[in-house]
Amino acid sequence: MKQISLFVASLLISAAMFAQQKAINGKAVVVSGPTTVVTASKFQVTKPLNTLFTKSQIDKMDFKGAKEMPDREHRIAQKFLFSTADGAKYGNSPATIQTKMGSKKSIGVKTQWEAQNGGASPQDPTGAVGLTQYVQAVNATPFAVYDKTGNGTPTFTGSVGTATGSTMNSGDPIVMYDKFADRWFVAQLDLFVTFALAVSATNDPAGAWYAYSFSLPGFAMPDYLKFSVWENGYYMTSNNGNGTVLCFERDAMLTGTAGARMVSTSLTTPTNAGFGFWLPLPGDADGVLPPSGEACPLFSYTDDAWGTGIIDGINVWSMAVTWGTTPTATITLDATLPTAAFDASYYSTWNDITQPGTQMLDGIGGVCMYRAQWNSFIGSNRVVLNWAVKMNATQRSIKWVELRQDPSSHAWSLYQEGIYAPDTTNRWCGSIAMDCNGDIALCYAKASADLPVSLCYTGRVPSDPLGTMSFAETTVFQGTGSITGSNRFGDYSQTSIDPVDGNTFWHTGMYSKNGSATGIYSFQLAPCTSGINDVAAEAPQLNAYLVGKTIMVKAEKLPSDDENVVQLYDITGKLVYFKTINPKARAFETTLDVSKYNAGIYIVRIGTPDFQRVAKVAVE
């Protein structure tokens, strides 16, 4: 859903201008307004979901009725003051366009399930993978729990409202798995002026939930909610018209504290007209939690076609939050990273994508697509992003980038970029993620006048030439027929990483099955990459377990005998132990003395700059 206010205009231009000032001066610029602190307006412990409804009752619920979500009349497209008619610099740099499909074969699809259909347009499919389950939600707003090793038949079905205690299922659902706490998170709009979110009381998503309701400061209307897991909170951005970014009190919500708080601040927005639908994405932690006190990064692209003085690039902000008696929130613009030229323009009618038949589809222009996955590797933090670009009048495809941050200096840089367009077919509504090997998977929808909307993926390993997806495209769900009745599509999809092995990708997206449908699938690109060799024959293994007051660490089938770092983090993301070790025959064993540490959950990480594995251990 995309509900727009004209005030977003000022946010886009001002962000770009502040970013360029930062680039010139070489200093971070504080761009936020005052801090607002709000306590949840409603709290309840919802009843166990798996005791509420029978399947026949669920089938009769009103969310099964087909309808277009009620936001179209408020949706304002961005305005582009320049186009390729004004010069080649407003188009896509040919040097970054991948025009030939890769030839590598991935390990292949592991799971493929036809998923839910909420009957709403668009479906807004969202889902996350946990230790044993996968949870999906769609508009507006069915909710299903699947056994990861099952046949695709849900073990529970209901509505998001049964978890969040919503008075209405107003859509824009988001599902996350907080693997650091072994809990589930779900959120959605509630009556379009408030939003409801909930954290599972245990690791069972079909059980009880701690449910909360909040509103934006000044009762601004939130829309297109996007969430992330960070060490000190659950962060949220939205298309709200005034640049407001929120952080929810994660520690309090995990314990079911009724007075859990939300802290927010807004990006500085000098008046500047002409832009619509927009929001930055918050960094979503995978692998290990960020260090305690680390500010949460926010990401958005800038397009030189928006106006004079703006560049093609990526803005990186950070939001620093402190809790305590008087919470504070500050947003700083840390960098603008120039990219090669790209064209992110789209049609103001949102009729961007051709499919069989006469109904055009929305190409989802204006924003980076969910998620902004954040990964900490030995020696660098990494983020992958993707967004839609216009190739020509009849084709859209995907621009993707990998950003890296020096953990010591906190400086961000553009590591690689590419536009994936190996033929003339439309590819859009992407979701990109990196596994613990540094492999990158790009999942997306694909369609043309002769090809019904299908769900596909490609990918790369670290040893590939920069800016290229080396794997041959795999079509998982082959579309049939057309999506009719509305041009609404997406509005998003979601890719997550299996926390058990760290290198299985799970994706949910929307496609055509003689109408609107959603699918869930999982796959692996390669078992292991060393950063030098291509693909190792066996997947690395890390076992970590507690014996008395000692954590036993055993690593096998490593990519090489290169020196490994062994690290121990507490649940807040604080590094509490560090050492190096040299494997022999691609294996090592070591111990970590935890006799002086408090009881709780700890994360063991081993790795090199091009490889890592993590494991969770409970210390008693």
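In this chain, numbering begins with 1 at the start of the sequence shown. In this text, all values refer to a predicted model and were calculated from it rather than measured experimentally.
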Legend entry - Counterpart residues, side chain to side chain contact (heavy atoms under 4.5 Å, CB included), relative to Thr202 (two or more places apart): Asp204

Legend entry - Separation of Phe299 CZ from Thr237 OG1 (nearest 0.5 Å): 11.5 Å

Legend entry - Exceeds 12 heavy-atom contacts within 6.0 angstrom, atom NZ of Lys579: yes

Inset, instruction - Using the test side-chain hydrogen bond (donor to acceptor under 3.5 Å, both in side chains), find all partners of Thr257 that sit at least two apart in sequence or belong to another chain. - result: Thr255

Report, one line per pair, each donor and acceptor closer than 3.5 Å where one atom sits in a side chain of residues 495-502; sequence neighbours left out.
{"unit_1": "Thr495", "atom_1": "OG1", "unit_2": "Ser431", "atom_2": "O", "d": "3.4"}
{"unit_1": "Thr495", "atom_1": "OG1", "unit_2": "Ser431", "atom_2": "OG", "d": "3.1"}
{"unit_1": "Thr495", "atom_1": "OG1", "unit_2": "His507", "atom_2": "ND1", "d": "2.8"}
{"unit_1": "Asp498", "atom_1": "OD1", "unit_2": "Lys148", "atom_2": "NZ", "d": "3.0"}
{"unit_1": "Asp498", "atom_1": "OD1", "unit_2": "Val500", "atom_2": "N", "d": "2.9"}
{"unit_1": "Asp498", "atom_1": "OD2", "unit_2": "Lys148", "atom_2": "NZ", "d": "3.0"}
{"unit_1": "Asp498", "atom_1": "OD2", "unit_2": "Trp506", "atom_2": "NE1", "d": "3.2"}
{"unit_1": "Asp501", "atom_1": "OD1", "unit_2": "Asn503", "atom_2": "N", "d": "2.9"}
{"unit_1": "Asp501", "atom_1": "OD1", "unit_2": "Thr504", "atom_2": "N", "d": "3.0"}
{"unit_1": "Asp501", "atom_1": "OD1", "unit_2": "Thr504", "atom_2": "OG1", "d": "3.4"}
{"unit_1": "Asp501", "atom_1": "OD2", "unit_2": "Thr504", "atom_2": "OG1", "d": "2.6"}
{"unit_1": "Asp501", "atom_1": "OD2", "unit_2": "Gln524", "atom_2": "NE2", "d": "3.4"}

Legend entry - Set of side-chain hydrogen bond (donor to acceptor under 3.5 Å, both in side chains) partners for Tyr234, sequence neighbours left out: Asp178

Inset, instruction - Name all residues meeting the side-chain hydrogen bond (donor to acceptor under 3.5 Å, both in side chains) criterion together with Ser238; count only those two or more places apart in sequence or in a different chain, and write none if there are none. - result: Asn240

Inset, instruction - Check the pair Tyr420 / Tyr444 against side-chain contact (heavy atoms from CB on, under 4.5 Å), numbers first and verdict last. - result: CA-CA 11 Å; Tyr420 187 65; Tyr444 49 87; 3.4 Å; yes

Legend entry - NZ/NE/NH1/NH2 to OD/OE distance under 4.0 Å, Glu556 and Arg586: no

Inset, instruction - Could I get the full list of ring pair (Phe, Tyr, Trp, His ring centres under 6.0 Å) partners for Trp374, not counting sequence neighbours? - result: Trp230

Inset, instruction - Among residues two or more places apart or on two chains, list those pairs meeting salt bridge (charged side-chain N to carboxylate O under 4.0 Å, His left out) that have a residue in residues 284-294. - result: Asp284-Arg371, Asp286-Arg371

Inset, instruction - Return yes when atom NZ of Lys554 has more than 12 non-hydrogen atoms of other residues, nucleotides or ligands closer than 6.0 Å, and no otherwise. - result: no

Inset, instruction - Report the residues that fulfil side chain to side chain contact (heavy atoms under 4.5 Å, CB included) with Ile581, sequence neighbours left out, ordered by chain and then residue number. - result: Asn564, Val566, Phe588, Thr590

Inset, instruction - Please check if atom CZ in Phe578 has more than 12 non-hydrogen atoms from other residues, nucleotides or ligands closer than 6.0 Å. - result: yes

Inset, instruction - Name all residues meeting the side chain to side chain contact (heavy atoms under 4.5 Å, CB included) criterion together with Ser200; count only those two or more places apart in sequence or in a different chain, and write none if there are none. - result: Arg183, Trp184, Trp209

Legend entry - Verdict with reasoning, Phe505 to Tyr457, per ring-ring contact (aromatic ring centres under 6.0 Å, His included): CA-CA 10 Å; Phe505 299 88; Tyr457 72 85; 8.3 Å; no

Legend entry - Under 3.5 Å: donor-acceptor pair, side chain of Gln373, backbone of Met434: yes

Legend entry - Salt-bridge contact Glu473-Arg427 (side-chain N to carboxylate O under 4.0 Å): yes

Legend entry - Asn598 atom CG, over 12 foreign heavy atoms within 6.0 Å: no

Legend entry - Partner residues of Thr550 under the side chain to side chain contact (heavy atoms under 4.5 Å, CB included) criterion, sequence neighbours left out: Met552, Thr591

Inset, instruction - Output, in order, the C-alpha distance, side-chain angles, deciding distance and verdict of ring-ring contact (aromatic ring centres under 6.0 Å, His included) for Phe227 and Phe185. - result: CA-CA 10 Å; Phe227 288 87; Phe185 175 100; 5.1 Å; yes

Inset, instruction - Could you verify whether a donor N or O on one side chain and an acceptor N or O on the other, from Thr508 and Gln494, lie under 3.5 Å apart? - result: no

Legend entry - Thr332 and Asp334: side chain donor to acceptor below 3.5 Å: no

Side-chain donor-acceptor distances from residues 323-330 under 3.5 Å, at least two apart:
{"unit_1": "Trp323", "atom_1": "NE1", "unit_2": "Asn232", "atom_2": "O", "d": "2.9"}
{"unit_1": "Thr328", "atom_1": "OG1", "unit_2": "Thr322", "atom_2": "OG1", "d": "2.4"}

Legend entry - Asp312 versus Thr339, side-chain donor and acceptor atoms under 3.5 Å: no

Inset, instruction - For the residue pair Asn315 and Thr336, confirm or rule out a side-chain donor-acceptor distance under 3.5 Å. - result: yes

Inset, instruction - List for me each residue that meets side-chain hydrogen bond (donor to acceptor under 3.5 Å, both in side chains) alongside Gln612, sequence neighbours excluded, and say none if there are none. - result: Arg605

